[in-house]
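Heads up: the structure comes next, in structure tokens.
Quick caveat: nothing in here was measured; it's all calculated off a predicted structure. As a basis for the values below, the full set of heavy atoms in this structure was taken, side chains included, without hydrogen atoms, waters or symmetry mates.
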Amino acid sequence: EECIVRVFDMNSRAILRQLQGHTKPVKCVDFTVDGLGIVSGSDDTTVKVWDMATGITTAELRGHKDYIRSLSTNISSTKMVLSGSYDHTIRVWDMRSNSTQMELDHGAPVESILVFPTGGSCISAGGNYIKVWDLLSGGRLLFGFSNHQKTITALAFDGSCHRLLSGGLDRHVKIYDIENYQVKHTINYPAPILSLSMSPLDNTLVVGMTSHLLSIRHCPRKQSTSQALSFFPLQKSNPRPGSHRYFVRGQQSKPANNEYVVDFGRKTRLKSFDKFLKSFEFKNALDAALKYKPAPHKPGVIFSVLQELARMDKLETAISGRNEEEILPLLKYLRRNLINPRYTPLLADVCELVIDTYGGTTNQSKLVTNELTALSAQINHELRFQTKAFELMGIIDSILTATASRSRWTQNDDAKLQTEEVKN
């Protein structure tokens with residue numbers, strides 16, 4: 001790592017200038033806006049401005065306390081340059097007075113900075129955060145975001161400055177929309193990324209990596225600004241099997257008039273009491289059924305859960321161990337539905353189990369005592385009704401039997417009379 005800045009001829013690759021003056025390795029250089037000078041930043045914490053024609057230092061900017069890793073010139077101002085340093089700051093320099101006009105605290109070692117073409121704002125990258133600053137309002141922070149898992153080492157605009165590119169040590173290049181800074185594309189590389197750049201026509205992306213390799217992605221066909229970056233992997237027409245795009249392909253397609261659409265029903269979601277039954281939480285299943293909201297179907301739902309608990313021989317497990325608030329809904333349900341002929345056989349067994357379990361605790365809760373008393377009265381009333389119903393059924397059977405016997409006697413008498421008439 002030398003302390004020299006060299007200027008090459010792109011055609012002949014010949015060295016045009018060698019600028020010496022830094023005492024430590026130079027890490028970043030840039031041309032001035034007018035193209036007549038060079039700005040360099042070094043590990044010696046200084047920024048130097050060089051005259052291309054003579055190779056003389058025209059300005060030396062001091063103020064940083066750590067290595068300088070990035071530089072950016074401002075197109076709207078030929079005498080302004082920005083520098084980013086490992087001392088966590090971005091400094092805005094005035095080359096006419098060799099002084100700092102503004103100092104911004106990024107909060108982490110600054111690896112890269114960019115100035116928007118308008119000159120009113122800039123972007124800095126340090127750590128795994130990217131921050132956007134308003135230079136016109138004194139360096140106010142406009143936006144900050146983080147989408148990398150490791151340190152961001154490079155920033156770049158596309159040719160139209162509608163996209164921002166960032167590369168980091170996590171081996172990802174991320175492409176953002178300048179309007180909302182949302183990630184539009186992500187490209188994976190085999191090694192951590194140190195630098196990147198996009199061609200003015202948006203058809204070539206160059207990335208330098210720690211593996212000493214230079215990756216060049218090129219899209220040969222012409223494309224408009226809206227079609228830029230179309231050579232990235234996210235734009236493949238055929239998604240890779242097993243990927244998310246593979247499973248959601250075709251969801252937005254509209255069928256033609258002559259095509260038949262196969263409709264399929266979605267899987268029915270289990271109710272809460274069904275989930276508890278599947279997980280063998282019998283008490284919670286009964287509680288969920290007792291709290292079931294649709295009132296017209298609630299008695300049938302509770303009965304179905306009780307029936308399933310009885311089939312699994314878990315009624316006692318679900319009913320025992322309840323406090324006053326938990327047993328009252330069950331007692332009210334039994335009192336209201338016990339006389340329903342569809343539910344009586346099972347609910348009678350449930351009543352017997354509830355009375356055996358909680359009959360000895362009636363003195364501890366007035367509400368439970370009242371419900372048990374009302375349930376007992378309901379059972380007694382039903383028993384009296386059933387007794388009278390059986391008595392009535394006996395009377396009706398007697399009447400029907402007598403009527404049937406009389407009818408047979410009458411038929412026999414009529415038959416005898418007809419026989420005697422025939423004989424005479």
Original post:
What's the verdict on side-chain contact (heavy atoms from CB on, under 4.5 Å) for V7 and I15, showing C-alpha distance, side-chain angles and the deciding distance?
Top reply: CA-CA 6 Å; V7 183; I15 298 176; over 6 Å; no

**OP:** Could you walk me through whether E316 and K314 pass salt bridge (Lys or Arg N to Asp or Glu O under 4.0 Å), step by step?
**Re:** CA-CA 6 Å; E316 185 175 357; K314 294 297 180 181; over 6 Å; no

Original post:
Can you list the steps and then say if L205 with I187 is a side-chain contact (heavy atoms from CB on, under 4.5 Å)?
Top reply: CA-CA 11 Å; L205 174 64; I187 312 173; 3.9 Å; yes

**OP:** Go through the steps to decide whether H22 and K48 satisfy the test side-chain contact (heavy atoms from CB on, under 4.5 Å), and finish with yes or no.
**Re:** CA-CA 8 Å; H22 286 291; K48 292 182 180 291; 3.5 Å; yes

**OP:** I would like to know whether K278 and L270 meet side-chain contact (heavy atoms from CB on, under 4.5 Å); could you show each step before the answer?
**Re:** CA-CA 10 Å; K278 290 187 68 175; L270 294 177; 3.5 Å; yes

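Between K27 and I68, the shortest heavy-atom contact is CB-O, 3.7 Å. Minimum heavy-atom separation, S70 to C28: N-SG, 3.5 Å. Closest approach of T45 to D66, counting heavy atoms only: CG2-O, 3.3 Å. Taking each heavy atom of L196 and S166 in turn, the nearest pair found is CD2-C, 3.7 Å. The heavy-atom pair separating L104 from C122 by the smallest distance is CD1-SG, 4.3 Å. Pairing each heavy atom of N128 with each of K150, the nearest pair is CB-O, 3.4 Å.
Although no hydrogens or angles enter the test, the distance criterion places a donor-acceptor pair under 3.5 Å between the side chain of T58 and the main chain of V49. Listed for the D9 side chain is no donor-acceptor partner under 3.5 Å among the backbone atoms of A14. Without hydrogens or angle criteria, D30 side chain to V39 main chain gives no donor-acceptor distance under 3.5 Å. Put simply, the side chain of N337 gets close to the backbone of Y333: a donor and an acceptor are under 3.5 Å apart. Put simply, the side chain of R17 never gets that close to the backbone of V5: no donor and acceptor are under 3.5 Å apart. Remark: side-chain polar atoms of S77 are not paired, donor with acceptor, to backbone N or O of N74 under 3.5 angstrom. In terms of modelled atom types and a separation under 3.5 Å, the side chain of E326 and the main chain of N323 share a donor-acceptor contact. Proximity of a side-chain donor or acceptor of K291 to a complementary backbone N or O of L286 within less than 3.5 Å is not detected.
The shortest side-chain heavy-atom distance between M198 and L165 falls under the 4.5 Å cut-off. Two residues are said to be in side-chain contact when any heavy atoms from C-beta on lie closer than 4.5 Å; L334 and V350 meet this criterion. Using a 4.5 Å heavy-atom cutoff, the side chains of Y189 and M209 are in contact. Counting only heavy atoms from C-beta outward, the side chains of L306 and L346 approach each other to under 4.5 Å. By the 4.5 Å heavy-atom criterion applied to side chains, V47 and L71 are counted as neighbours. Between T186 and N188 the shortest side-chain heavy-atom distance falls below 4.5 Å. Counting heavy atoms from C-beta outward, K174 and H148 have side chains that approach closer than 4.5 Å.
Across L135, L82, D105, a single residue satisfies side chain to side chain contact (heavy atoms under 4.5 Å, CB included) together with I90, and that is L82. Here the options are F145, F157, Y181, the test is ring-ring contact (aromatic ring centres under 6.0 Å, His included), and the partner is Y176; only F145 passes.
Of the N and O atoms on the side chains of S40 and W50, at least one donor lies less than 3.5 Å from an acceptor on the other residue. Between the side chains of T54 and D51, at least one donor N or O lies within less than 3.5 Å of an accepting N or O. Donor-acceptor pairing under 3.5 Å is lacking for the side chains of H218 and N203. Using modelled atom types and a 3.5 Å distance limit, the side chains of S137 and D134 yield a donor-acceptor pair. Judged purely by distance below 3.5 Å, without hydrogens or angles, the side chains of W93 and S83 pair a donor atom with an acceptor atom. Between the side chains of N340 and T344, no donor-acceptor pair of N or O atoms lies under 3.5 Å. Between the side chains of R91 and T100, a donor-acceptor pair is found at a separation under 3.5 Å.
Distance check, rounded to the nearest 0.5 Å: OG of S146 to CD1 of I152 gives 6.0 Å. In this structure, OG1 in T153 is found 5.5 Å from CG in L194, a value given to the nearest 0.5 Å. N147 CG to Y129 OH: the interatomic distance, rounded to the nearest 0.5 Å, is 10.0 Å. The distance from atom CD1 of I123 to atom NZ of K131, rounded to the nearest 0.5 Å, is 13.5 Å. Atom-to-atom distance recorded for S211:OG and R171:CZ is 11.0 Å, nearest 0.5 angstrom. Note that NE2 of H162 and CD1 of I178 are 9.0 Å apart. Values are rounded to the nearest 0.5 Å.
With F282 as the aromatic partner, R311 does not meet the cation-pi criteria of under 6.0 angstrom to the ring centre and within 45 degrees of the ring axis.
Under a 4.0 Å N-O distance rule, the pair D177/R163 qualifies as a salt bridge. At a threshold of 4.0 Å, the pair K283-E281 does not count as salt-bridged, since none of the basic side-chain nitrogens sits closer than that to a carboxylate oxygen.
Taking a 6.0 Å sphere around CG of D313, one finds it holds 12 or fewer heavy atoms contributed by other residues, nucleotides or ligands. More than 12 heavy atoms of other shown residues, nucleotides or ligands fall within 6.0 angstrom of atom CZ in F8.
By the side chain to side chain contact (heavy atoms under 4.5 Å, CB included) test, K24 pairs with S42, D43, D44, sequence neighbours left out. Not a single ring pair (Phe, Tyr, Trp, His ring centres under 6.0 Å) links Y67 to another residue, sequence neighbours left out.
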Just distance, no hydrogens or angles: give the donor-acceptor pairs under 3.5 Å from side chains in residues 106-114, sequence neighbours left out.
from: H106; atom 1: ND1; to: S124; atom 2: OG; distance (Å): 2.8
from: H106; atom 1: NE2; to: G126; atom 2: N; distance (Å): 3.1
from: H106; atom 1: NE2; to: G126; atom 2: O; distance (Å): 3.1
from: E111; atom 1: OE1; to: Y86; atom 2: OH; distance (Å): 3.4
from: E111; atom 1: OE2; to: Y86; atom 2: OH; distance (Å): 3.0
from: S112; atom 1: OG; to: L155; atom 2: N; distance (Å): 3.3

